[in-house]
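First the structure, in the form of structure tokens, and then the observations on it.
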Amino acid sequence: MYYMLIILILPFLASFVGFYLGRRSEKLRDAFNVMFTAIEFLLVIMLFPELKNGSIEYSVPNIMGTGIHLKVDLLRYAMLFITTLVWLLTTMYSTQYLIKYKNRNRYYLFFMLTLATTVGMFMSANMLNLFTFFEGLSFTSYLLVIHDEDQYSHDAGKSYLSMSIAGGMVMLFGIFIAFDYTGTLELAEMGVELSKLGGEKYIIAVLIMFGFLIKASVFPLHTWLPKAHPAAPAPASAILSGILVKTGIFGLIIVVTEIFPFDYSISMVLYLLGIINILFGGALALMQRNIKRILAYSSMSQLGFMLMGVGLVGILGEEGGLALAGTILYMINHASIKVLLFLGAGIIYMVLGELSINFIKGFGREKTVLKSVFLIAILGQSGVPGFSGYVSKTMLHEAILEASHLTHNPLFRVSEVLFVIGGGLTVAYMTKLFYAIFVEKNEKFYGQYKSHISKRALIPMSVLALMIVLIGVFPNGLVNQLLGYSESIGLHIPLEIHYFSRTAIGYSLLSILIGILIYFVIVRRILIVKTTEGQQYINPSQHWINLDDHVYGPVLSGTYKVMTVLFKALDNILIHSVSYTTKLIRWVSELDRIAVPKFEWRKLSVKQSFDKAIANGFDEASAKIMSQKSTYASKTSGEVTKIKFVFSGVFDKASTVTASIFLIGIVLVFSFLFVFITH
């Protein structure tokens, strides 16, 4: 299907065309970028009818060694759809937001390249293709994180890039081992072969998932997230939180459904990590004062819900259709909600140049449109009935109940309670955010700055708000498509889902009540203190252990020092080995110091025998001895000369060859040991 190839190539070409146009006219570049993202979105829409007959695939041979293998099924299509829609809206928003920013042309270049690599990853049917686009995504988005080029941005970018590269290299090692066992890089074929392995497959699984877990900001690999989101410009933060972190969740879905199909152990680990993410991310979001940091930790918590869904797919196996559909829907909903929230934060920053709620509290009290769209996003994130977030949370909650019923494992009863509490944390920090910005009174913002809020920035936000409401009120159209996809890959789905049943609404209201309780007990009583300047929000987590500074930094630094000492010792061993070998060769090359005296002694013995024979008058014996003397002397002299020649030659070359032989030998030994152990 040529549409797939066009959808992949077009963003790469458009990024450089836009950069060229921007060097001549920024207005022309902005118009071109908006037009291009609209065309890309329309091409994705045109691709949908082809999915009626199942997934579609397209291959281009002789590229990247194995060729480019593209595939679009409903999972991949859902990610393509929300990605291209979000890019269109954030591109429109960027034309207003970036007016006062420097390096705008560079920003748009890497903004579009990030779209290209994201689209490529979502369409990859080959593990090498997926890895290439996934790693390219890290490099292109890095330039968005450091766009401001201040110290904070560079520190955030260093954290983001170093963790992304580390995750990619570990993943690549896993891909190499998987290829060694399976002999293929095609995802479907690889999954068939890996499922036949024993314990080795779990080592491969950990290595491959490592990069995805970092991108999905799974604890304790989340440390880049609260740094990168505040550092990047608002539209870049929006795609980081709304789309790019979903590449990690997407990769984990591929792991659970295609590479290690429905493996219970892998799925249970992901499920437990999801619970940790929900509670830890929610607690940290509750304490933050910077809007972007609140939203960053909120993303970490919400990704925990998705991670639980991914785990449920593998745990339930054939009964995981509802869990898979709910997880995909959660990804779509979170993308629209979180992009809307970041764009709203961007408007506040455009006007005030500040994001601390202690400074901006009360800013939106009189901003009706901004308040309305922000409220819709918050209600959607909180899982209030009638908004999109409620539908996906209800589906995941039903999947947890299903797992509890089928397995009778008490873990699922406990995790159901934690799921509801995690939803309460979401309500609490979202209430804190909305109340501080749009409810509190602040005379310095009364009726001010309304003219600074551009309609060009509000239109994309209004489209996302409408999407949140429509999915919340009319979920069946989208949900039925996702359930159909689950069924198409062999999963069972429920005959009917009652989204607005008394039980489902009851769980939602319980979560909301818990959130309100947390807000009044923790936020109002603990996180707000009275000062000479009035009531101020505090952040106790600032004094907590920082994983980067207190754990990862010292561990990596210590490891570097230990390895430095170890390799220095190894280097000294090699040097001394070469030195002793050289001495041995020198000793052998000078054998004449031993052989020649021995030859002289033998010559003397022959002479004495000869003299004795002459004295006795044995002419015949004399002639015979003379012959022996001549033969022995010639033979011995030749042997000594040959030995000297060989070993002297070796000695001459020892300084350049011996060290290389030793190093190559060590490498070969370790290589053979590794191959032997892995097999």
Side-chain angles (χ1 to χ4, degrees), residues 11 14-15 18-19 22 26 29-30 33-34 36-37 82-119 121 136-150 152-161 163-164 215 217 224-248 290-296 298-300 334-350 353 355 456-457 460-461 464:
S15 60
F19 182 79
E26 291 204 37
R29 177 204 60 211
D30 292 349
N33 285 334
V34 172
F36 152 71
T37 50
I82 193 63
T83 296
T84 51
L85 174 60
V86 163
W87 239 273
L88 169 60
L89 298 176
T90 50
T91 302
M92 294 171 60
Y93 179 92
S94 296
T95 59
Q96 172 67 26
Y97 183 87
L98 293 174
I99 289 176
K100 297 180 181 179
Y101 271 72
K102 61 181 180 180
N103 299 323
R104 292 184 291 274
N105 214 32
R106 185 188 69 187
Y107 167 88
Y108 282 110
L109 171 64
F110 288 99
F111 192 71
M112 295 303 171
L113 284 175
T114 303
L115 170 60
T117 51
T118 305
V119 166
M121 183 193 166
L137 170 65
S138 300
F139 287 101
T140 56
S141 55
Y142 164 74
L143 272 297
L144 302 179
V145 173
I146 66 164
H147 181 77
D148 286 349
E149 294 189 31
D150 54 20
Y152 181 83
S153 298
H154 281 297
D155 289 343
K158 181 172 67 175
S159 176
Y160 173 66
L161 189 62
M163 294 199 72
S164 296
K215 195 67 74 178
S217 65
W224 65 270
L225 186 75
K227 297 179 180 179
H229 281 43
S237 297
I239 64 164
L240 278 171
S241 181
I243 301 298
L244 300 193
V245 293
K246 306 300 186 307
T247 61
N290 181 290
I291 298 178
K292 282 191 174 183
R293 288 182 71 86
I294 293 174
L295 297 179
S298 168
S299 292
M300 178 183 173
H334 181 261
S336 57
I337 292 168
K338 196 50 63 76
V339 168
L340 174 51
L341 289 171
F342 268 106
L343 297 186
I347 285 182
I348 297 171
Y349 187 77
M350 274 194 291
L355 287 173
R456 195 192 311 175
M461 297 174 64
L464 292 169

### Query
Considering all heavy atoms of both residues, which atom of A156 and which atom of K227 are nearest to each other, and what is their separation?
CB-O, 3.4 Å
### Task
Would you check if the side chain of W224 reaches a backbone N or O of S164 as a donor-acceptor pair within less than 3.5 Å?
no
### Query
What are the two closest non-hydrogen atoms of Y160 and S141, and how far apart are they?
OH-OG, 2.5 Å
### Query
Is the shortest heavy-atom distance from the side chain of M112 to the side chain of T140 under 4.5 Å?
no
### Query
Taking only residues two or more places apart in sequence, or in another chain, which ones meet T37 in a side chain to side chain donor-acceptor pair (under 3.5 Å)?
none
### Task
Would you confirm whether D148, through its side chain, and D150, through its main-chain N or O, come within 3.5 Å as a donor-acceptor pair?
no
### side chain to side chain donor-acceptor pair (under 3.5 Å) partners of Y107, counting only residues at least two apart
S94
#### Entry: L144 vs I239 side-chain heavy atoms within contact, under 4.5 Å
yes
### Query
What's the shortest heavy-atom distance between G22 and N105, and which atoms?
CA-OD1, 3.2 Å
### Message
Once rounded to the nearest 0.5 Å, what's the spacing between atom CD1 of I82 and atom NE2 of H334?
### Response
11.5 Å
### Query
Residues in salt bridge (Lys or Arg N to Asp or Glu O under 4.0 Å) with R29, at least two apart?
E26
### Query
Under a 4.5 Å cut-off applied to non-hydrogen side-chain atoms, are M461 and I347 in contact?
yes
### Message
Less than 4.5 Å apart, side chain to side chain, heavy atoms only: is that true for K215 and S138?
### Response
yes
### Task
Could you give me the CA-CA distance, side-chain angles and deciding distance for T114 and I243, then say whether side-chain contact (heavy atoms from CB on, under 4.5 Å) is met?
CA-CA 11 Å; T114 303; I243 301 298; over 6 Å; no
### Query
Please walk me through it: do E149 and N103 pass side-chain contact (heavy atoms from CB on, under 4.5 Å)?
CA-CA 10 Å; E149 294 189 31; N103 299 323; 3.2 Å; yes
### Query
Nearest 0.5 Å, what's the CG-CG distance between N33 and L88?
11.0 Å
### Task
Calculate, to the nearest 0.5 Å, the distance between atoms OG and CD1 belonging to S237 and I291 respectively.
12.0 Å
### Interatomic distance, T91 atom OG1 to D30 atom CG [nearest 0.5 angstrom]
9.5 Å
### Message
For the CG atom of L343 and the CE atom of M350, what is their distance to the nearest 0.5 Å?
### Response
9.0 Å
### Task
Mind checking side-chain contact (heavy atoms from CB on, under 4.5 Å) for L109 and listing every partner two or more places apart, or none if nothing turns up?
S15, F16, F19, L113
### Query
Do V119 and W87 touch side chain to side chain, with heavy atoms closer than 4.5 Å?
no
### Query
Got a sec, which residues hit side chain to side chain donor-acceptor pair (under 3.5 Å) with H147, two or more places apart in sequence or on another chain?
none
### Query
Any chance the side chains of T83 and T118 put a donor and an acceptor closer than 3.5 Å?
no
### Query
Can you name the residues that form a ring pair (Phe, Tyr, Trp, His ring centres under 6.0 Å) with Y97, not counting sequence neighbours?
Y93, Y101
### Query
Does some side-chain heavy atom of F110 sit less than 4.5 Å from a side-chain heavy atom of F139?
no
### Test side-chain contact (heavy atoms from CB on, under 4.5 Å) applied to L89 and L464, step by step
CA-CA 9 Å; L89 298 176; L464 292 169; 3.6 Å; yes
### Spatial distance of atom CG (L244) from atom OG (S217) [nearest 0.5 Å]
11.5 Å
### Summary
Here the pair of heavy atoms bringing P230 nearest to R293 is CG-CG, 3.5 Å
### Query
Nearest heavy-atom pair of A238 and T90: which atoms, and what distance?
CB-CG2, 4.3 Å
### Query
Is there a side-chain contact between P11 and F36 (heavy atoms, below 4.5 Å)?
yes
### Task
For Y152 and P226, work out which heavy atoms get closest and say how close.
OH-O, 3.7 Å
### Message
Main chain of A232, side chain of K292: is a donor-acceptor contact present, judged purely on distance under 3.5 Å?
### Response
yes
### Message
Given H229, which partner from the list I294, L240, L295 fulfils the side-chain contact (heavy atoms from CB on, under 4.5 Å) test?
### Response
L240
